[in-house]
Amino acid sequence: MRLDKLLANMGYGSRKEVRQLLKKGAVQVNAKPVKDAALHVNPEKDEVTILGEPVVYKEFIYLMLNKPQGVISATEDNRDRTVIDLLDAEDRHFEPFPVGRLDKDTEGFLLITNDGKLAHELLSPKKEVPKTYYAHIEGRVDETDVEKFAEGVTLDDGYFTKPGQLRILQSGETSEIELTITEGKFHQVKRMFEAVGKRVVYLKRLSMGPLQLDTILRLGEYRELTEEEVAMLRNEKG
């Protein structure tokens with residue numbers, strides 16, 4: 001990879017700005033000053049530093065976001081704030097995108113990455129990657145609903161869902177539940193409850209595949225996945 005491309009990709013400025021750094025002698029490759037922007041380097045093997053600070057190369061980023069309400073799952077929007085707007089500039093630089101969508105009024109776990117191949121695999125209906133949600137339901141949820149969800153329910157457009165695992169945490173005028181599903185139709189959780197005559201009034205995603213929402217993340221906060229967590233996701237999609 002060209003040296004100026006590597007440095008630009010890692011957020012050290014535009015190609016023009018990077019060339020200025022090179023001219024000033026701020027860049028070293030394997031402990032030797034380099035001014036040639038076109039020099040090819042191996043980011044996995046060559047040691048590149050700027051003003052003595054090592055340049056850590058990475059091609060992909062994997063972020064776990066605790067999405068708040070009022071923010072949309074998109075990369076850009078003319079009206080509303082997006083999940084990408086919640087990221088620091090150094091992470092936005094990688095041009096990441098949300099893996100799947102959470103409704104504007106839904107909170108919780110959202111994976112954000114620039115790894116298109118992994119995202120495609122995780123969203124593939126064939127993979128049946130499980131997603132678990134916590135919800136408040138207007139109306140009493142009972143064992144009849146558990147049985148219906150376990151068989152699958154017919155949505156308003158006639159689509160018959162795959163089985164869902166419904167767990168009742170508290171049943172009453174407003175019930176609390178957890179629901180695990182393996183597909184992601186538009187507004188699916190809300191529509192599944194509408195199919196049994198009930199309404200979702202609060203919805204939060206707790207997990208995707210093997211990964212649970214980190215409890216230390218406040219709404220709007222995010223962190224990078226660990227190498228182990230990324231490996232777990234790759235194993236899940238495989």
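Computed from a prediction, not measured in an experiment: that's the story for all the values here.
Two residues are said to be in side-chain contact when any heavy atoms from C-beta on lie closer than 4.5 Å; Val48 and Gln28 fail this criterion. For the pair Thr180 and Arg167, the minimum side-chain heavy-atom distance is below 4.5 Å. Glu178 has its side chain within reach of Leu206: a pair of non-hydrogen atoms, C-beta onward, lies under 4.5 Å apart.
Side-chain atoms of Asn114 come within 3.5 Å of backbone atoms of Glu59 as a donor-acceptor pair (strictly under, hydrogens ignored). A donor-acceptor pair is defined here as one N or O able to donate and one able to accept, closer than 3.5 Å; no such pair exists between the side chain of Lys5 and the backbone of Arg15. Put simply, the side chain of Ser175 gets close to the backbone of Val141: a donor and an acceptor are under 3.5 Å apart. Side-chain atoms of Asp142 come within 3.5 Å of backbone N or O of Asp145 as a donor-acceptor pair. A donor-acceptor distance shorter than 3.5 angstrom exists from the side chain of Ser73 to the backbone of Leu102, with no hydrogens or angles considered. Side-chain atoms of Asp77 never come within 3.5 Å of backbone atoms of Ile72 as a donor-acceptor pair (strictly under, hydrogens ignored). Counting only distance, with no hydrogens or angles, the side chain of Asp91 and the backbone of Leu87 share no donor-acceptor pair below 3.5 Å. Remark: the backbone N or O of Val153 is paired with a side-chain donor or acceptor of Thr161 at under 3.5 angstrom.
A salt bridge is defined here as a Lys NZ or Arg NE, NH1 or NH2 lying under 4.0 Å from an Asp or Glu carboxylate O, and Glu194 with Arg199 fails to meet this definition. Ionic pairing of Lys190 and Asp156 is not present here: no N-O contact between side-chain nitrogen and carboxylate oxygen is shorter than 4.0 angstrom. In summary, Lys204 and Glu107 do not engage in a salt bridge, as defined by a charged side-chain N under 4.0 Å from a carboxylate O. Note on Arg140 versus Glu173: no salt bridge recorded, every NZ/NE/NH1/NH2 to OD/OE distance being 4.0 Å or above. The residues Arg234 and Glu229 are annotated as not salt-bridged, no charged nitrogen and carboxylate oxygen being separated by less than 4.0 angstrom. A salt bridge is defined here as a Lys NZ or Arg NE, NH1 or NH2 lying under 4.0 Å from an Asp or Glu carboxylate O, and Asp85 with Arg92 fails to meet this definition.
If you look at Tyr222 and Phe109, their ring centroids are not closer than 6.0 Å.
The CD1 atom of Ile112 sits 11.5 Å away from the CE atom of Met64 when rounded to the nearest 0.5 Å. Taken from OG1 in Thr154 to NZ in Lys148, the straight-line distance is 10.5 Å, to the nearest 0.5 Å. Atoms CG and OH, from Leu169 and Tyr134 in turn, are 6.5 Å apart once rounded to the nearest 0.5 Å. Atom OG1 of Thr106 is separated from atom OH of Tyr133 by 8.0 Å, given to the nearest 0.5 angstrom.
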* **Lys127 and Glu121: CA distance, side-chain angles, deciding distance, salt bridge (Lys or Arg N to Asp or Glu O under 4.0 Å) verdict** => CA-CA 7 Å; Lys127 300 297 181 184; Glu121 293 282 354; 3.5 Å; yes
* To do: Would you sort out whether Asp157 and Lys185 count as a salt bridge (Lys or Arg N to Asp or Glu O under 4.0 Å), showing the intermediate values?
  => CA-CA 11 Å; Asp157 61 357; Lys185 299 297 180 184; over 6 Å; no
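A donor-acceptor contact closer than 3.5 angstrom links the side chains of Glu183 and Tyr159.
With sequence neighbours left out, Arg19 forms a side chain to side chain donor-acceptor pair (under 3.5 Å) with no residue at all.
Listed here is the closest heavy atom pair of Arg101 and Ala74: NH1-CB, 4.2 Å.
Screening residues 46-98 for ring-ring contact (aromatic ring centres under 6.0 Å, His included), with sequence neighbours left out, gives no hits.
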